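Structure, as C-alpha cells:
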Protein chains: 2
Amino acid sequence: MADAPKKPPMTKDSLLPLLTAHVLAHGLGGASLRPLAKAAGTSDRMLIYHFGTKEALIVDLLGYIAKVYAAAIDAAMGGERAATRADVVARILAHGDAPAMQPFMRLWWEIVAGAARDLPGYQMAAQAMMGELLGWLEGQMPENDPDPAGGARYLMTMIEGTLMLSAVGHSDTALQGLLAGGLLPS
Amino acid sequence: MADAPKKPPMTKDSLLPLLTAHVLAHGLGGASLRPLAKAAGTSDRMLIYHFGTKEALIVDLLGYIAKVYAAAIDAAMGGERAATRADVVARILAHGDAPAMQPFMRLWWEIVAGAARDLPGYQMAAQAMMGELLGWLEGQMPENDPDPAGGARYLMTMIEGTLMLSAVGHSDTALQGLLAGGLLPS
DNA sequence: AAGCGAGTGTAGCAGTCGCTACATATCAGA
DNA sequence: TCTGATATGTAGCGACTGCTACACTCGCTT
C-alpha cells in the first residue's frame, strides 16, 4: 500500500519560504496570521507556536527576505565587469525592471516605508539589502574607474532615485536625469 | 447670555486638514475610520456620510495632501537662485532634513509603497508631488547652468536616491555618492 | 509500560474593522 | 404647516484580528 505521506517536520526554515511567497504576492503590511498560515499549509496557531508572536514572525521573515535578496544578487553577479559606469547602471536597471523582480520591488517600498517608521526589523533588513547591493556595485565598477568606491555610491544613489521615480510613474524624469548625468549609453 | 457655540458646517474641506494631521502623525496604512473620526472631532458614521467610502476618503485625502505639499513648496520657493548645482542639492536636502518635514517624509514612503502597489489615488498624488518638486528644482537651477531642464532631472534623481538611502539608514552611502558626483559643496 | 515534551487540530476570546439601519434634529421652500 | 433634503447620534452587523485554552496524538526515554 502507499507509504504514509510522511510529512517533513515543520520548522521556521521550512515555513519562511512559503511565507515569503505570500508576502511577495500580497504585501507585507496587510499580512495577517490566518492567510499567512493558509499559504504555508498550517494554522495561525502553529505560526504563533513557532515564532511566538506575529511581530517576531515579521522580523524573522524580513531577515530571511534579506538573505534571499543577497543570494539573488550573488547569483546575478557572475558576469564580467562592465566597461563603463553607464553599463553598470544599464545592467542593474535591466535587472530591476525584469518582470520577475516586480513583486520584490513592490515589497521593497513597503520595507522602506516600514524602515522610515522604525518598525522593528525593517531597518535592519533594508540596510542589509542595500549593503549587499553596494558590494555588488563595487565589484561591477569598470577596472579603469578613477574612484570605484565613491563611484559605486554615486551610481547607487542615482539607481535608487531612478527606481523610486519609476515606482511613482516618473520614470521619464529619471531617464532624462540619467541622460543628463551621462549615465545612459548611446 | 453667551451665544450658542454655532458649530461651523462640517464639510470635506473642513475635515481634510484634520485628517491630514492624523495621518501625518499615525501613518496612512494603519489609518482606520474610528481614530480618524476622533481626530476630526466626528464619528466614523459622518466620515462615511461625507466621503461615501473609506477608499474615497483616502483618495480625497491624498489629493489634499498633494495640494498641501505644493503649497509648502511654493512657500519655500521664495529665495534667490542657487549659484551652483551643489547649492541646489544642499538647499533641498536641508529642507527635507528639517524636523518639521520628518512626519511628511515618513508619510511619503507610504505613498510610494502604495503607488508601487497601484492603490487608488496613490500614483496620482505621488506624481503630483514629484511634478511640483521638479518644477521647483527647475526654477532653482543656476542661471549659467548649461542644461537646466536635464540638470534639474539629474539632481532630482540624485536627491530622491539620497532621501531613500537616508530613510533606510544608509545616509553615509548617499553622502559619499553626492561627494563623488561633485554635488556636495566644500 | 509509563511518562514526557513536542507538535497539532478545534474552538473560542475580546477586540477592531468598514459599513448600515434607524431615529432624530434642523431648516428651507411650497 | 406640511414636505423634503441635509445632517447627526446610537446601535449594531458580520467579518476579521492576534492570540490562547484545551484536548489529543505522536516518538521518545526511562
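Just so we're clear, the structure is a prediction, and the values are computed from it rather than from any experiment. A, B, ... follow the sequence lines: proteins, then strands. Residue 1 opens every chain.
- Between A:R34 and B:R45, the one whose closest nucleotide on DNA chain C sits nearer the 5' end is A:R34.
- Rounded to an integer number of Å, the gap from OH of B:Y49 to C1' of C:dG18 is 19 Å.
- Among the nucleotides C:dG18, D:dT10, D:dT20, the one closest to any side-chain atom of B:L33 is C:dG18.
- Atom-to-atom, CG of A:L47 to P of C:dG9 comes out at 11 Å; the value is rounded to the nearest Å.
- Atoms CE (B:M46) and P (C:dA21) sit 16 Å apart, rounded to a whole Å.
- Among B:L36, B:L18, B:L15, the single residue meeting the side chain to side chain contact (heavy atoms under 4.5 Å, CB included) criterion with B:T42 is B:L15.
- Under 3.5 Å, the side chain of A:D44 and the base of D:dC19 form at least one donor-acceptor pair of N or O atoms.
- Under the 3.5 Å distance criterion, the side-chain polar atoms of B:E110 are matched with a main-chain donor or acceptor of B:G29.
- Per the geometry, CZ belonging to B:F51 stands 13 Å off P belonging to D:dA7, to the nearest Å.
- Under a cut-off of 6.0 angstrom, the local environment of NZ in B:K54 is crowded, with over 12 non-hydrogen atoms contributed by other residues, nucleotides or ligands.
- Annotation: side chain of A:E138 is in contact with side chain of A:R153 (closest heavy-atom distance under 4.5 Å).
- For the pair B:I58 CD1 and C:dC17 P, the interatomic distance rounds to 13 Å; values are reported in whole Å.
- Here B:S32 reaches the OP1 or OP2 of C:dC17: one of its side-chain N or O atoms lies under 4.0 Å away.
- The 5' end of DNA chain D is approached more closely, in terms of each residue's nearest nucleotide, by A:P35 than by the other of A:G52 and A:P35.
- Protein atom CD1 of B:I48 is 19 Å distant from nucleotide atom P of D:dA11, rounded to whole Å.
- Nearest to the side chain of B:K54, among C:dG18, C:dG9, D:dA7, sits C:dG18.
- Note on A:H50: every side-chain N or O is 4.0 Å or more away from OP1 and OP2 of C:dA6.
- Backbone-only engagement by B:T53 is indicated by non-hydrogen atom pairs under 4.0 Å involving sugar-phosphate atoms exclusively.
- Atom CE of B:M141 sits about 9.5 Å away from atom OG1 of B:T84, to the nearest 0.5 Å.
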